Amino acid sequence: MTHNDGDRKTTREAAGDTGLLGPSGGHPRVIVRRMTARDEDEFLELVRVSADLHHPWISLPATREEFRAYLGRYDDPQSAEGLLVCVRQTGAIAGNININSIIRGRFQCGSLGYAAFAPTAGQGYMSDGLGLVLRYAFEELRLHRLEANIQPGNHASRRLVERHGFRYEGYSPEMLFIDGAWRDHERWAITSTMMGIVPPSPHPTLPAR
Ligand SMILES: CC(C)(COP(=O)(O)OP(=O)(O)OC[C@H]1O[C@@H](n2cnc3c(N)ncnc32)[C@H](O)[C@@H]1OP(=O)(O)O)[C@@H](O)C(=O)NCCC(=O)NCCS
């Protein structure tokens, strides 16, 4: 995979591994990689069998047309990254974690969206995958901040971000349109500073002062 984020290009395919962090940051259980058109059949089947898990928290593409439009949102990795968490041993897709709405300059921020798939949910794969995504976002993309907006009552999602040290920042009424209505959300976020990650050089769009 070639990643071009302004002033540098990183070739990862040479590592002989589809993971984002070279051999996936050496993680024993999961690989995180970009979603591709080849994932369509498996993704749609997983969405189908995960309907009960996802409702009412998230709505993922359920038809081929919806999947292709969704994939198109991640054509430009400068503005959003569509990532899959896969079980290392089998290659099966365990879930997805997207870094949406990437804003550079003084913000260097992305907004996370994620879901597990029912066959492998509750086994720690999403937690493992999120750990890799955080490293990728802060070390490779050189973002400073990742946000997760979570509906009150979504305890599994809240546990996931709490486990990784996200900080509760506040409560926004009517924040996102989900399942047919504007839903209140808790705003959770983590910064590279909180994880002690300092990239070798700042992102080129970060002002000097
Ligand atoms: C939120 C969501 C992604 C969490 O996925 P998940 O599969 O439960 O997350 P994990 O893979 O990290 O699994 C967590 C469980 O695995 C267990 N676990 C952790 N490490 C483990 C390991 N190494 N081996 C086995 N189990 C493990 C933990 O006990 C944990 O259970 P707990 O939270 O009850 O303590 C999932 O519930 C989901 O898709 N929800 C619907 C969509 C959604 O809400 N998206 C977010 C919108 S804000």
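Here the structure is a predicted model, which means the values were calculated and not measured. Indexing begins at 1, ligand by ligand and atom by atom, following the structure's order.
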Heavy-atom cut-off of under 4.0 Å around ligand 1: list whichever protein residues fall inside it, by chain and number.
-> Arg29, Leu53, Trp57, Ile58, Tyr114, Ala115, Ala116, Ala121, Gly122, Gln123, Gly124, Tyr125, Met126, Ser127, Asn149, Ile150, Asn154, Ala156, Ser157, Arg159, Leu160, Arg163

Report yes or no: do Tyr114 and Ser157 form a side-chain donor-acceptor pair below 3.5 Å?
-> yes

Linking I/L/V/M/F/W/Y whenever any side-chain heavy atoms sit under 4.5 Å apart, do Tyr70 and Leu44 land together?
-> yes

Min side-chain heavy-atom separation Leu146-Ser111 under 4.5 Å = no

Looking only at side chains, do Thr205 and Gln108 share a donor and an acceptor under 3.5 Å apart?
-> yes

Does the side chain of Ser201 pick up a donor-acceptor pair with the side chain of Arg142 at under 3.5 Å?
-> yes

Answer whether the closest heavy-atom distance between the side chains of Leu84 and Arg34 falls below 4.5 Å.
-> no

